Amino acid sequence: MKKYNTPLLDDLEKGPWPSFVTEMKKAGKKNEMANDAVGHLEKCYSTKKGYWKHGGIVGVLGYGGGVIGRYSELGEEFPGVAHFHTVRLNQPSGWFYTSKVLREICDIWDKYGSGLTNVHGSTGDLVLLGCRTEALEPLFAEYSSRGWDLGGSGSDMRTPSCCVGPGRCEWANYNTLEACYQITQEFQDELHRPMFAYKSKIKFAGCACDCVASAARADFSVIGTWKGDIKIDQKEVKNYANKMDINAEIVDMCPTKCMSYNGKELKINNSECNRCMHCITRMTKALRPSGERGVTICMGSKAPIVVGSLLSWVIVPFMKMEPPYTEFKAFVRKCWEWWDDNAKPRERIGEVIEAKGMRSFLEAIGVPPQPQQIREPRKDPFIFYTDEDIARFKAKEAEEKKTGKYKF
Amino acid sequence: MDINELKDKIYAFVEAAKGKKKLKEKDIIKGVSAEQGLTPEEVKKAMREMIDVGKLMYSYGGGASSVEIPSEEYLREKGLIK
Amino acid sequence: MALPQRKTDIGPPHYKQFLPPVIQKNYGDWKYHEVLTPGSMVHVAESGDKLWTVRMASPRILSTDTIREICALAEKYCDGYLRFTSRNNVEFLVSDEKKVAPLMKELKDQKRTVGGIGPMISNVVHTQGWVHCHSACTDASGLVKSMMDELHDYFTTKELPNKVRLAVACCVNMCGAVHCSDIAIVAVHTKMPEINHDNFKNMCEMPTVIGACPTRAISPDPAKKSVKINPDKCMYCGNCFTVCPPISIKNPERDGVAIVVGGKVSSLRSNPKFSKLVIPYISNEPPRWPKVVAAVKHIVDVYAKNAKKHERVGEWIERIGWERFFSLTGIDFTFQSIDDFTFMRDTMRTASTFKW
């Protein structure tokens with residue numbers, strides 16, 4: 001094994017926070033590829049420049065997603081990173097594991113790859129960092145025969161992910177773990193075989209806390225919510241009053257000012273509550289949602305490339321979200337179909353909605369306009385009217401003339 | 001149309017675009033189904049069978065995925081040629 | 001040895017087999033939880049059953065041997081059950097209260113970093129950086145390590161007014177929710193890319209390259225069978241490089257990082273927000289990026305001193321006003337913080353009611 005002098009990286013082994021350099025060196029002790037990755041990274045640190053080439057054309061037979069080709073420009077100097085492909089393994093919902101399966105994943109990875117991993121990558125997959133092209137098929141045979149499939153990459157549905165949900169959270173408004181599992185299973189073809197203009201992401205969050213950041217980085221942000229009242233346990237409110245200033249910390253911070261507290265009793269005007277979760281998260285023993293549960297589907301969020309970042313927009317204010325998720329699956333299919341028909345290469349659905357107009361999208365997927373979808377109505381007077389729109393306005397007026405009553 | 005004949009048409013369609021345009025799955029499905037008067041489903045099925053045996057392959061470049069004719073290197077790696 | 005038969009389209013294993021019995025029994029029936037220490041919490045079910053969670057930091061890049069060490073801990077204290085969080089922490093799922101303190105002790109003895117629960121700085125969401133990405137203009141892991149060495153008290157012991165979510169993106173592609181974090185580092189190019197015209201015609205599709213530019217800075221260069229870039233319009237996003245490898249944008253002397261603040265993804269109290277640019281440029285200074293670390297620490301300190309309890313960074317700034325944020329932090333306000341891309345009309349002030 002070649003010994004690299006790595007003064008810059010060595011410095012990153014000091015200090016209290018766990019060191020990624022220590023991890024790379026640890027893998028490098030047993031594995032030539034990981035060892036070369038350390039030398040390669042030291043070179044980047046000394047020249048302030050990266051040396052990885054653009055992704056290459058690698059994958060397992062029949063799939064277009066799940067493997068990201070990675071080659072170094074410095075393959076001769078660091079042969080262990082000449083090929084250093086990424087393999088994405090589709091994580092279990094909620095990132096729950098047993099040590100037994102993690103050990104098995106490690107054993108296979110040590111046999112074929114660098115021994116380096118990301119647990120996990122940004123999208124949610126368990127990422128295996130660094131293997132050669134010829135290792136891909138055996139690796140896939142080993143993993144898939146033991147029940148592990150690849151995740152997404154390229155212009156496909158990316159690996160869906162979800163928050164911990166009902167597995168360990170009292171705030172989950174739907175079964176995020178099961179929804180994530182079943183939707184991933186439903187769209188296996190879309191996950192493995194890139195058929196779209198660009199990537200498409202689905203993330204499942206059990207409540208407005210959004211612990212998977214779905215609102216910021218998912219074409220489909222599926223956020224749990226409810227329709228009933230917040231149930232109040234006044235005895236627990238009293239307990240909280242002993243350790244916190246309920247007026248300052250809860251009532252005054254309520255965005256809709258729908259709460260009051262007189263030192264004895266907490267009151268909520270539920271019809272004015274917008275379900276932001278602040279009070280519930282701060283007084284979890286005293287407050288909990290009730291009544292009908294489901295999701296708000298927001299769409300379109302993405303990072304800045306190409307024309308600026310987007311946060312997801314409310315498209316469907318409320319949908320029931322229960323197995324077998326028939327309505328949700330049909331909804332996703334409709335959205336994809338419209339996106340596919342209208343997208344230019346590398347356009348996410350949010351960008352296509354912006355380019356084609358929200359009306360075009362909503363009409364295509366059969367969702368009516370609702371004030372819950374907007375922050376404010378349009379402010380410009382440059383309005384499209386179709387002949388049918390005007391006919392509808394006229395018909396309404398004719399009806400009003402008959403009844404003598406205006407209906408705005 | 002016989003499925004093998006369709007596969008030849010798909011292959012020819014992809015070959016014609018080689019070096020000119022990166023084809024998405026959708027481009028092939030739309031293009032061949034229009035050209036041959038077939039349903040998109042038929043074309044998709046045939047194309048997938050070709051991908052499964054390495055007659056065609058998924059590729060990635062320029063930030064997006066496409067479908068291409070496999071290189072010899074790919075076929076050798078997959079054990080499809082010696 | 002013969003390889004096993006590959007299977008396709010099987011999807012991930014069902015999560016249920018990885019849930020400890022206490023979760024299987026109380027699935028969906030959790031009543032409340034309490035944070036016990038910055039590194040531990042207990043969830044209580046309607047049935048009265050309890051589940052303890054102990055959270056440990058991870059550098060996200062893990063060797064298989066470290067994963068095995070984590071497995072050994074899980075086997076010793078939680079029958080092998082564990083999970084990972086969306087911010088790459090390890091969570092040991094302990095069903096037996098008697099095992100919580102010994103686990104915490106062993107983690108301490110092994111010098112593991114335990115914490116991150118509650119109004120703290122949790123682990124940092126970040127991208128691959130020089131470790132493994134072609135488009136990186138800094139190293140994300142090194143920045144994270146350097147920042148968290150400095151801020152680790154906020155992970156292990158010290159509380160803040162609310163959570164502070166940090167993120168590092170090694171280029172403007174911003175994999176991960178960097179654009180909606182309380183404080184985030186984004187690496188930036190600052191110089192127009194150079195084009196290798198000889199390779200262009202073989203490797204790139206002209207319409208795709210022209211279409212990739214958000215400011216329409218790219219136009220055909222027929223003489224060279226390539227493209228040219230208008231220097232007045234290029235803002236170095238690198239999207240042309242993404243679609244066309246012969247366009248090179250890496251520049252070790254000019255690549256650096258910017259700091260954005262005030263984003264969030266939850267809807268608690270206020271709507272999700274984007275992070276906004278406050279420090280436009282700091283040079284790449286590996287291995288420790290001292291000025292970046294100092295800037296982040298400074299912003300955290302000013303926030304800790306001035307924000308009201310429960311206010312996130314962005315909510316605090318919206319209450320006091322951005323002009324006050326710049327005066328409190330002493331950060332120079334520059335042209336770069338005024339939007340000249342697509343959002344100027346939404347971001348300029350339209351009233352004379354600002355603070356001095």
Side-chain angles (χ1 to χ4, degrees), chain A residues 8 11-12 15-18 20 23 26-27 44-45 48-50 52 54 90 92-93 95-99 102-103 106 110 115 117-119 122 138 141 144-145 147 149 166-168 170 177 184-185 188 208-210 212-213 215-217 255 276-278 284-285 303 305-309 311, chain C residues 3-4 6-7 9-13 15 18-19 23 27-28 30-32 43 57 59-65 67 71 74-75 80 83-84 86 113 130 132 134 136 141-142 145 148-149 152 172-177 179-180 214 239 245 250 252 265-269 272 284 286-287 310 342:
Chain A
L8 297 171
D11 196 61
L12 290 170
W17 192 253
F20 70 101
E23 291 303 313
K26 204 159 156 180
C44 298
Y45 270 65
K48 301 189 202 179
K49 187 171 181 259
W52 299 105
H54 275 66
N90 195 150
S93 284
W95 301 287
F96 282 97
Y97 295 92
T98 56
S99 57
L102 275 179
R103 285 179 188 280
C106 290
D110 277 344
T117 71
N118 282 151
V119 190
S122 291
S144 64
S145 65
D149 205 341
R168 199 202 52 198
E170 65 268 31
L177 301 172
T184 308
Q185 291 293 349
Q188 281 293 297
C209 292
D210 198 357
V212 279
R217 52 184 193 134
C276 85
M277 294 293 295
H278 172 70
T284 187
K285 285 183 177 176
I305 295 287
V306 183
V307 279
S309 17
L311 279 156
Chain C
L3 281 172
R6 85 206 289 262
K7 292 181 191 162
D9 301 271
I10 57 171
Y15 57 91
F18 307 133
L19 302 177
I23 290 185
Y27 192 85
W30 299 102
K31 196 175 173 193
Y32 65 89
H43 282 77
R60 192 176 85 135
I61 294 180
L62 293 178
S63 63
T64 44
D65 279 347
I67 297 174
C71 287
E75 281 152 7
R83 73 176 290 267
F84 293 81
S86 54
T113 307
W130 289 331
H132 207 221
H134 68 291
S141 305
K145 164 73 175 149
M148 289 311 288
D149 276 342
H152 83 284
V172 298
N173 283 339
M174 294 197 191
C175 309
H179 57 300
C180 294
N239 198 41
K250 283 174 201 166
V265 293
S266 82
S267 294
L268 274 68
R269 300 167 302 282
N284 260 330
H310 306 304
T342 51

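Predicted model, so just to flag it, every value in this text is computed and none were measured. The sequence lines fix the lettering, A, B, ..., with proteins before strands; numbering per chain opens at 1.
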Assert top hit (heavy-atom pairs under 4.5 Å, partner chain A, pool C/Pro59, C/Ala74, C/Cys180) equals C/Pro59
Option in A/Ala141, A/Pro92, A/Ala27 with maximal non-hydrogen atom pairs under 4.5 Å from chain C: A/Ala141
Between C/His134 and A/His54, what is the ring plane arrangement, given parallel below 30°, perpendicular above 60°, and tilted in between? tilted
Is C/His179 close to chain A through its backbone or its side chain, or both, or neither, when contacts mean heavy atoms under 4.5 Å? side chain
Beyond-backbone contact of C/Tyr27 with A/Leu177, side-chain heavy atoms, under 4.5 angstrom: yes
Considering only heavy atoms and a distance below 4.5 Å, find which of A/Asp11, A/Thr184, A/Asp210 pairs most often with chain C. A/Asp11
Top contributor to chain A interface from C/Ala136, C/Gly28, C/Ser141 [non-hydrogen pairs under 4.5 Å]: C/Ser141
Residue selection (most heavy-atom pairs with chain C, distance under 4.5 Å) from A/Pro18, A/Ser122, A/Ala208: A/Pro18
If only atom types and distance count, is the side chain of A/Lys48 paired as donor or acceptor with the main-chain N or O of C/Asn284 below 3.5 Å? yes
Structural part of C/Thr113 lying under 4.5 Å from a heavy atom of chain A: side chain
Check whether A/Ala215 gets within reach of chain C through its side chain, its backbone, both or neither, counting any heavy atom under 4.5 Å. side chain
Which one, A/Gly167, A/Ala303, A/Pro255, leads in non-hydrogen pairs under 4.5 Å with chain C? A/Gly167
Looking only at A/Thr284, A/Val212, A/Val307, A/Asn118, most heavy-atom pairs under 4.5 Å shared with chain C are made by A/Asn118
C/Lys31 versus chain A, heavy atoms under 4.5 Å apart: side chain, backbone, both or neither? both
Select, from C/Leu62, C/Ile67, C/Ile23, C/Val265, the one with the greatest count of heavy-atom pairs under 4.5 Å involving chain A. C/Leu62
Where the side chain of A/Glu23 meets the backbone of C/Arg60, is there a donor-acceptor pair that is under 3.5 Å apart? no
Distance-only, no hydrogens or angles: does the C/Asn239 side chain make a donor-acceptor pair with backbone N or O of A/Val306 under 3.5 Å? no
When you measure from the side chain of C/Lys145 to the backbone of A/Trp17, do you find a donor-acceptor pair of N or O atoms at a distance under 3.5 Å? yes
I'd like to verify something: which residue of A/Gly15, A/Ser93, A/Cys106 has the highest number of heavy-atom pairs under 4.5 Å with chain C? A/Cys106
For the candidates C/Pro13, C/Gly142, C/Ser86, which exhibits the highest count of non-hydrogen atom pairs separated by less than 4.5 Å from chain A? C/Pro13
With chain A, which of C/His310, C/His43, C/Lys7 has the greatest number of heavy-atom pairs at distances under 4.5 Å? C/His310
Which one, C/Ala57, C/Ser63, C/Ser266, leads in non-hydrogen pairs under 4.5 Å with chain A? C/Ser63
Does the side chain of A/Asp110 come under 3.5 Å of the side chain of C/Thr64 through a donor N or O and an acceptor N or O? yes
Using 4.0 Å as the upper bound for N to carboxylate O, is an ion pair formed by A/Glu170 and A/Lys285? no
Check: A/Gln188 side chain, C/Gly11 main-chain N or O, donor-acceptor pair, under 3.5 Å: yes
With A/Arg217 via salt bridge (Lys or Arg N to Asp or Glu O under 4.0 Å) - residues at least two apart: none
